[in-house]
Amino acid sequence: MLTAAPPVISLVMGLPPRRLVEEARRLGIALIGTATTIEEAIALEISGLDAIVASGSDAGGHRGAFLRPVRESLVGTFSLVPQVADTVAVPVSPSSIVRRLVSRLPQ
């Protein structure tokens with residue numbers, strides 16, 4: 001994956017290996033991780049990721065919970081995003097389901 005040198009690598013269901021983070025930084029590749037809880041967002045930020053996608057319980061069936069069982073991380077996206085954004089210093093984006101819904105709202 002790193003040899004292709006994509007501009008961004010998106011990760012789900014856990015923390016990246018330190019070696020991946022270091023090599024991505026060396027190559028100028030941004031790393032984005034998915035968090036389903038505030039604790040996961042903090043862990044992703046500490047591990048060196050550049051941005052976080054907050055994926056709430058309403059984001060779909062393949063949520064990447066990794067610090068707690070899924071049943072213990074059932075915060076909705078509209079609640080999770082501001083909580084994560086208030087906690088970490090890196091940029092935070094809602095999961096794609098929210099972006100699709102918001103893009104359909106009347107302007």
Side-chain angles (χ1 to χ4, degrees):
M1 177 173 20
L2 290 172
T3 56
V8 177
I9 296 174
S10 177
L11 307 160
V12 296
M13 297 185 182
L15 299 173
R18 188 84 201 128
R19 183 172 173 222
L20 173 69
V21 174
E22 291 168 355
E23 189 64 10
R25 287 227 185 286
R26 188 183 74 74
L27 296 171
I29 300 170
L31 295 173
I32 300 173
T34 301
T36 65
T37 64
I38 294 170
E39 295 82 9
E40 289 177 359
I42 293 167
L44 289 167
E45 181 180 40
I46 289 170
S47 70
L49 272 67
D50 300 294
I52 295 169
V53 173
S55 181
S57 59
D58 48 1
H62 298 289
R63 296 178 59 246
F66 61 91
L67 290 181
R68 292 193 231 163
V70 172
R71 67 184 176 280
E72 294 178 18
S73 61
L74 297 176
V75 177
T77 303
F78 285 99
S79 295
L80 183 63
V81 171
Q83 291 175 31
V84 170
D86 286 345
T87 304
V88 299
V90 297
V92 176
S93 172
S95 58
S96 62
I97 187 70
V98 173
R99 287 194 301 268
R100 284 192 298 259
L101 290 171
V102 170
S103 70
R104 293 179 183 168
L105 293 176
Q107 298 296 318

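Atoms considered below: every heavy atom in the structure, side chains included; atoms not considered: hydrogens, waters and symmetry mates.
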*Has the side chain of D58 got a donor or acceptor atom that lies under 3.5 Å from a matching backbone atom of G76?*
no

*Identify the two heavy atoms, one from A54 and one from V92, that lie closest to each other, and give their separation to 0.1 Å.*
CB-CG1, 4.2 Å

*Going by the side-chain contact (heavy atoms from CB on, under 4.5 Å) test, name the single residue among V84, L44, I52 that passes it with V90.*
I52

*Nearest heavy-atom neighbours spanning S73 and A65*: OG-CB, 3.7 Å

*side-chain contact (heavy atoms from CB on, under 4.5 Å) with S57: which of T36, V70, L74?*
L74

*Counting distance only, does the side-chain N/O of R25 pair as donor-acceptor with the main-chain N or O of G48 below 3.5 Å?*
yes

*So does R19 pair up with E23, basic N to acidic O under 4.0 Å?*
no

_Test applied, side-chain contact (heavy atoms from CB on, under 4.5 Å); reference residue, L49; option that passes from L11, T34, V88_ = L11

*Passes side-chain contact (heavy atoms from CB on, under 4.5 Å), I29 versus V8? Steps please.*
CA-CA 5 Å; I29 300 170; V8 177; 5.6 Å; no

*Say you draw a straight line from OG of S47 to CD of E40; how long is it, rounded to the nearest 0.5 Å?*
11.5 Å

*Between the side chain of D50 and the main-chain N/O of L31, is any donor-acceptor distance below 3.5 Å?*
yes

*Would one find more than 12 heavy atoms of other residues, nucleotides or ligands at under 6.0 Å from atom CZ of R18?*
yes

*Rounded to the nearest 0.5 Å, what separation is found between the CD1 atom of I42 and the OG1 atom of T37?*
8.0 Å

_Under 3.5 Å donor-acceptor, T77 side chain and G56 backbone_ = yes

*Under 3.5 Å, side chain of Q83 to main-chain N/O of I38, donor-acceptor pair present?*
no

*Between P16 and V21, what is the shortest heavy-atom contact and its length?*
CG-CG2, 3.5 Å

*Decide side-chain contact (heavy atoms from CB on, under 4.5 Å) for I32 and V53; before the verdict, give the C-alpha distance in whole Å, the side-chain angles of both, and the deciding distance to 0.1 Å.*
CA-CA 7 Å; I32 300 173; V53 173; 3.7 Å; yes

